[in-house]
Amino acid sequence: MNIFRIFSYPFRVVANIARVIIDACPPYRYVEGLLEGKEVLQDEKTLVLYLSSERIEVDRHTFDILMVGENLRVRATRDNKAINIDRLIPGQGPV
């Protein structure tokens, strides 16, 4: 085994942990608009929603519940992972 890999592994682990912690901290991004599409990526673990031309990563349950065409407001991390999803209801209903 390469000696460089042995010494660089702990640094990569610490850098990865730091990246995850920084990603989870505020400020968060808000994306609002119509749900344009849903997609399962090639690894079949990553599920994404396309909201106002932004790609937002969600979990399986959320992916199954939401329907294309819904008006949503999403709070997301820096890496575009959804934290909170609100369905927006129009202010004036049918008359």
Side-chain angles (χ1 to χ4, degrees):
M1 192 167 197
N2 189 352
I3 192 96
F4 179 72
R5 282 188 172 174
I6 293 171
F7 290 113
S8 67
Y9 181 75
F11 296 110
R12 288 186 306 196
V13 170
V14 169
N16 192 25
I17 291 170
R19 184 186 58 81
V20 169
I21 290 172
I22 289 171
D23 180 49
C25 293
Y28 300 120
R29 301 180 53 238
Y30 286 90
V31 181
E32 187 173 322
L34 289 176
L35 178 58
E36 298 168 350
K38 301 177 357 176
E39 182 179 9
V40 178
L41 298 184
Q42 291 177 351
D43 61 2
E44 296 185 7
K45 287 185 177 181
T46 307
L47 306 166
V48 294
L49 303 175
Y50 292 99
L51 183 73
S52 299
S53 301
E54 293 281 336
R55 187 172 140 176
I56 308 292
E57 187 176 334
V58 295
D59 63 344
R60 171 63 68 182
H61 181 69
T62 304
F63 185 82
D64 291 338
I65 295 278
L66 296 175
M67 297 185 316
V68 174
E70 288 187 282
N71 198 13
L72 304 172
R73 179 186 306 138
V74 177
R75 181 172 54 170
T77 63
R78 292 178 180 101
D79 285 343
N80 283 340
K81 294 181 182 176
I83 297 172
N84 186 25
I85 299 176
D86 298 323
R87 287 184 170 130
L88 300 177
I89 300 172
Q92 182 178 6
V95 178

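Basis for what follows: all heavy atoms, side chains included, without hydrogens, waters or symmetry-related copies. Just so you know, residue 1 is the first one in the sequence shown, and it goes up from there.
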J.: For residues 81-91, which residue pairs qualify under side-chain hydrogen bond (donor to acceptor under 3.5 Å, both in side chains), counting only residues two or more places apart or in two chains?
T.: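 Residue pairs with at least one partner in residues 81-91: E70-R87.
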J.: Looking at every non-hydrogen atom in both residues, tell me the closest pair between F63 and V48 and how far apart they are.
T.: CE1-O, 3.7 Å
J.: Does the side chain of L66 come within less than 4.5 Å of V58's, by heavy atoms?
T.: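 Not touching, per the 4.5 Å side-chain cut-off.
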J.: I'd like to know if the side chain of R78 reaches the main chain of C25, judged simply by a donor and an acceptor atom lying under 3.5 Å from each other, with no hydrogens or angles considered.
T.: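 Confirmed, R78 side chain pairs with C25 backbone.
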J.: To the closest 0.5 Å, what do you measure between CD1 (I83) and CG (N80)?
T.: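 Here the rounded value is 10.5 Å.
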J.: What are the two closest heavy atoms between L72 and L35, and how far apart are they?
T.: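 Looking at all heavy atoms of both residues, the shortest contact is CD1-CB, 4.1 Å.
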J.: Identify whether L51 and V40 are in the same connected component of the hydrophobic contact network (ILVMFWY, side-chain heavy atoms under 4.5 Å).
T.: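 Yes, because L51 and V40 connect within a single hydrophobic cluster, where side-chain heavy atoms sit under 4.5 Å apart.
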J.: Output every pair passing salt bridge (Lys or Arg N to Asp or Glu O under 4.0 Å) with a member in residues 37-56, not counting sequence neighbours, ordered by first then second residue.
T.: R29-E54
J.: How far apart are the C-alpha atoms of R19 and N16, what are their side-chain angles, what is the distance that settles it, and do they pass the side-chain contact (heavy atoms from CB on, under 4.5 Å) test?
T.: CA-CA 5 Å; R19 184 186 58 81; N16 192 25; 2.9 Å; yes
J.: Hydrophobic clustering (ILVMFWY, side-chain heavy atoms < 4.5 Å, transitive) - are I21 and V13 grouped together?
T.: yes
J.: Can you give me the closest heavy-atom contact between G69 and L34, atom names plus distance?
T.: O-CD2, 3.3 Å
J.: When you measure from the side chain of T77 to the backbone N and O of A24, does any donor-acceptor pair fall under 3.5 Å?
T.: no
J.: Find the distance between CG (D64) and CG (L47) and round it off to the nearest 0.5 Å.
T.: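 Answer for the CG-CG pair, D64 versus L47, is 8.0 Å.
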J.: Can you name the closest pair of heavy atoms from V31 and S52 and give their distance?
T.: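 Closest approach of V31 to S52: CG1-CB, 4.4 Å.
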J.: Of all residues at least two apart in sequence or in a different chain, which pass the side-chain hydrogen bond (donor to acceptor under 3.5 Å, both in side chains) check with N71?
T.: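 Counting only residues at least two positions away or on another chain, N71 forms no side-chain hydrogen bond (donor to acceptor under 3.5 Å, both in side chains).
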J.: Could you pull out the closest heavy-atom pair between I56 and A82, with the gap in Å?
T.: CG2-CB, 3.7 Å
J.: What I'd like to find out is whether the side chain of S53 reaches to under 4.5 Å of the side chain of E36, using heavy atoms alone.
T.: yes
J.: Is there a path from Y9 to I17 through hydrophobic residues (I, L, V, M, F, W, Y) whose side chains come within less than 4.5 Å of each other?
T.: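 As far as the 4.5 Å side-chain criterion goes, I17 and Y9 are connected within one cluster.
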J.: Under a 3.5 Å distance rule, please check whether E57 uses its side chain to pair with a backbone N or O of T46 as donor and acceptor.
T.: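 No: the side chain of E57 does not pair with the backbone of T46.
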